[in-house]
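Some notes on the structure that comes next.
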Amino acid sequence: MLRTAGKILAEVLRETAERCGPGVSAEVLNAFAEAQIRARGAEPAFLGYTPEGASAPYPATLCVSVNDEVVHSLPTKEKIFKKGDVVSLDLGLIYEGFVVDSARTELVGADDADAKRLIKATREALDAAIATARAGVHTGDIGAAVSRVAKDYHLSVVRDLGGHGTGRAVHESPFVPNFGTQGGGELLVEGMVLAFEPIFTLGKGAIELDPDQWTYRTKDASRSAHFEHTVLIGKEGAEIITR
Ligand code: MF3
Ligand code: CO
């Protein structure tokens with residue numbers, strides 16, 4: 001059922017991302033994602049969910065964070081994409097009691113070398129995290145693999161945010177930082193369900209919370225990118241549940 005949940009999420013997130021073009025609003029993508037999730041017999045996981053530290057439940061299905069917006073930004077109708085926008089789409093769902101979480105970042109119809117490097121590196125960092133993961137390694141090994149990629153591409157890690165356990169609730173322990181030292185942090189064991197989510201910026205990586213109380217934004221206004229998969233930890237490696 002976890003695998004089915006992941007497959008539904010992968011399909012819906014891909015179809016949502018395909019609709020992300022110039023002139024399209026975040027609100028339209030949110031409505032599309034919600035309808036697709038329900039049509040497949042699942043429910044949105046973020047709608048009505050209150051993350052730790054938040055003062056209210058999240059009022060939408062999809063998080064849409066553009067350019068210097070880092071994560072958790074609201075899919076408003078005023079948020080209309082234009083050429084060159086770096087758009088992070090973060091989506092979670094519940095199916096038969098199993099929660100899965102995934103995100104990807106799109107560059108809206110432009111040929112921008114910095115944005116391409118940012119997106120490519122963040123995607124590769126997620127690949128590196130997954131390639132490192134198996135029973136017996138530690139969260140520090142994951143973080144070290146992620147931050148290595150940031151360094152190679154001359155980008156910054158957003159250190160205040162990171163991956164997490166998931167599967168039965170959106171956020172479970174352990175926290176999975178996107179930096180760390182090999183062998184440090186918590187031990188990964190067989191059967192754990194984790195969401196890895198590298199978040200990089202073209203600037204320094206410091207963030208602040210907007211007055212809307214949802215949007216995390218870079219302090220230096222630099223653009224950021226975000227990729228996330230839910231994975232299942234096995235003896236030999238990690239299975240990508242949201243592929
Ligand atoms: N995918 C997001 C994360 O891991 C979860 C967003 S919950 C919301 O942080 F309530 F903010 F939408
Ligand atoms: Co997550």
Side-chain angles (χ1 to χ4, degrees), residues 2 5-6 8-10 12-13 16-17 26-27 29-31 33-34 37 42-66 69-76 79 87-95 98-106 122-123 125-126 129-130 133 139 142-143 146 157-178 192-201 207-218 224-233 238 240-243:
L2 178 72
I8 295 170
L9 179 53
V12 175
L13 184 56
T16 304
E27 186 190 45
L29 294 191
N30 177 71
E34 178 168 355
I37 286 171
E43 279 174 44
F46 302 165
L47 182 66
Y49 171 73
T50 307
E52 199 181 301
S55 51
Y58 190 72
T61 290
L62 182 69
C63 302
V64 182
S65 308
V66 181
E69 298 169 351
V70 179
V71 291
H72 296 182
S73 201
L74 296 166
T76 59
K79 196 176 277 185
V87 179
S88 150
L89 304 171
D90 191 348
L91 188 62
L93 63 77
I94 312 174
Y95 177 79
F98 287 90
V99 179
V100 287
D101 187 7
S102 185
R104 54 189 280 174
T105 300
E106 304 294 321
T122 315
R123 192 193 299 115
L126 175 57
I130 294 166
T139 55
I142 306 298
V146 168
V157 170
V158 173
R159 295 169 71 102
D160 291 351
L161 303 166
H164 51 90
T166 189
R168 285 298 194 178
V170 176
H171 292 135
E172 299 175 19
S173 66
F175 182 63
V176 186
N178 287 318
M192 269 184 169
V193 178
L194 300 173
F196 296 143
E197 49 182 317
I199 303 162
F200 291 173
T201 84
I207 58 169
E208 62 197 359
L209 188 61
D210 248 30
D212 74 5
Q213 295 298 308
W214 283 109
T215 305
Y216 286 100
R217 198 183 283 280
T218 58
S224 73
H226 173 211
F227 281 84
E228 176 173 23
H229 270 309
T230 296
V231 306
L232 173 62
I233 302 302
I240 304 174
I241 294 297
T242 49
R243 192 200 281 286

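As a basis for the values below, the full set of heavy atoms in this structure was taken, side chains included, without hydrogen atoms, waters or symmetry mates. Worth saying up front: this structure is predicted, and the values here are computed from it rather than measured. For ligands, and for the atoms within them, numbers begin at 1 and follow the listed sequence.
There is a side-chain donor-acceptor pair under 3.5 Å between T215 and S73.
The side chain of C63, and not its backbone, has at least one atom closer than 4.0 Å to an atom of ligand 1 (non-hydrogen atoms only; side chain from C-beta on).
Taking a 4.0 Å cut-off on heavy atoms, P51 registers as neighbouring ligand 1.
In this structure Y58 satisfies the ring-ring contact (aromatic ring centres under 6.0 Å, His included) test together with W214, sequence neighbours excluded.
Interface of E228 with ligand 1, defined as ligand atoms under 4.0 Å from a residue heavy atom, comprises 1 (N), 4 (O). Taking every non-hydrogen atom of H164 and a distance limit under 4.0 Å, the qualifying atoms of ligand 1 come out as 4 (O). Close approach to E197 involves these atoms of ligand 1, each under 4.0 Å from a residue heavy atom: 3 (C), 4 (O). Against a heavy-atom cut-off of under 4.0 Å, H72 is close to the following atoms of ligand 1: 2 (C), 3 (C), 5 (C), 6 (C), 9 (O), 11 (F). Distances below 4.0 Å separate heavy atoms of Y49 from the following atoms of ligand 1: 7 (S), 10 (F).
Note that CG of L232 and CG of L194 are 9.0 Å apart. Values are rounded to the nearest 0.5 Å.
With the Co ion (ligand 2) as the vertex, atom OE2 of E197 and atom OD2 of D101 span an angle of 170° (nearest 10 degrees).
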- Query: Given the rule in the side-chain contact (heavy atoms from CB on, under 4.5 Å) test, do V193 and I241 qualify, once you have shown the distances and angles that lead to the verdict?
  - Reply: CA-CA 9 Å; V193 178; I241 294 297; 5.6 Å; no
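Judged by distance alone, with hydrogens and angles left aside, the side-chain atoms of T122 form no donor-acceptor pair with the main-chain N or O of F227 at under 3.5 Å. Listed for the N30 side chain is no donor-acceptor partner under 3.5 Å among the backbone atoms of T76.
Here H164 meets the criterion, with an N, O or S atom under 2.8 Å of the Co ion (ligand 2).
Among protein heavy atoms, atom 3 (C) of ligand 1 sits closest to H171 NE2, 3.2 Å. In terms of protein heavy-atom proximity, atom 1 (N) of ligand 1 is nearest to D90 OD2, 2.8 Å.
Counting heavy atoms from C-beta on, the side chains of I37 and Y95 never come closer than 4.5 Å.
Not one N or O of W214 is nearer than 3.5 Å to an N or O of ligand 1, by distance alone. Annotation: Y58 places no N or O atom under 3.5 Å from an N or O atom of ligand 1; distance criterion only.
Across E69, E228, E106, H226, a single residue satisfies side chain to side chain contact (heavy atoms under 4.5 Å, CB included) together with S88, and that is H226.
Among heteroatoms of the N, O or S kind in E228, OE2 lies nearest the Co ion (ligand 2).
Aromatic ring centroids of H72 and F46 lie 6.0 Å or more apart.
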